[in-house]
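For reference, the structure discussed in these notes is given below.
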Amino acid sequence: MGPMPRIWDDTVAGHKDKLRRTIVDAAVALVAERGRADVSMSAIAERAGIGRATLYNYFPDVDHILVAYVVGQFDQQHAALDAR
């Protein structure tokens with residue numbers, strides 16, 4: 001396993017947002033590598049460099065993490081369209 005990602009920030013809100021993004025990125029990467037059926041919350045926690053209890057404080061299950069990713073992608077596209 002490589003170095004742990006730096007997920008702390010100067011503010012609590014910034015830390016929570018950064019950790020949430022780290023979790024979503026870890027889940028998306030694992031799904032891309034293994035397929036959805038082979039991705040567990042334990043694997044996501046390990047990839048994100050956090051404990052499972054911390055992960056469950058942010059998301060109840062893998063599907064909620066993936067929904068957060070899709071919503072984030074939608075928000076980015078919407079913002080890009082608004083900018084045009």
Side-chain angles (χ1 to χ4, degrees):
M1 189 162 104
M4 292 294 203
R6 185 176 188 281
I7 54 177
W8 285 99
D9 199 89
D10 293 335
T11 66
V12 172
H15 165 70
K16 286 183 175 184
D17 185 54
K18 189 176 279 189
L19 181 52
R20 185 176 171 85
R21 286 192 315 265
T22 299
I23 292 167
V24 170
D25 291 347
V28 169
L30 285 167
V31 169
E33 292 168 15
R34 304 179 184 180
R36 168 60 188 93
D38 291 331
V39 175
S40 67
M41 291 292 275
S42 294
I44 294 168
E46 183 178 333
R47 176 68 63 98
I50 60 174
R52 277 186 5 169
T54 300
L55 177 58
Y56 281 105
N57 284 331
Y58 284 80
F59 296 99
D61 56 39
V62 176
D63 291 335
H64 279 81
I65 300 171
L66 297 176
V67 166
Y69 171 74
V70 171
V71 169
Q73 292 297 305
F74 176 81
D75 288 346
Q76 288 177 6
Q77 292 299 319
H78 191 266
L81 289 172
D82 281 348
R84 290 183 193 170

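All residue numbers in this chain count up from 1 along the given sequence. Basis for what follows: all heavy atoms, side chains included, without hydrogens, waters or symmetry-related copies.
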Is there a path of hydrophobic side-chain contacts, each under 4.5 Å between heavy atoms of I, L, V, M, F, W or Y residues, that connects Val67 with Leu55? no

When rounded to the nearest 0.5 Å, the distance separating CD1 of Ile65 from CG of Asp25 is 11.0 Å

Q) Within a reach of under 6.0 Å around OH of Tyr58, are more than 12 heavy atoms found that belong to other residues, nucleotides or ligands? A) yes

Looking at side-chain heavy atoms only, is the closest gap between Thr54 and Ile23 below 4.5 Å?
no

Between the NZ atom in Lys16 and the CG atom in Asn57, the distance rounded to the nearest 0.5 Å is 9.0 Å

Between the CG atom in Asp63 and the CZ atom in Arg36, the distance rounded to the nearest 0.5 Å is 4.5 Å

Which of Val24, Val31, Leu30 passes side-chain contact (heavy atoms from CB on, under 4.5 Å) with Val28? Answer is Val24

When rounded to the nearest 0.5 Å, the distance separating CD1 of Ile44 from OG1 of Thr22 is 13.0 Å

For Met41 and Arg52 the tightest heavy-atom approach is O-CG, 4.5 Å

inquiry  = According to a hydrophobic-cluster definition based on side-chain heavy atoms being under 4.5 Å apart (Ile, Leu, Val, Met, Phe, Trp, Tyr only), do Leu66 and Val70 belong together?
reply    = yes

For Arg20 and Ala68 the tightest heavy-atom approach is NH2-CB, 3.8 Å

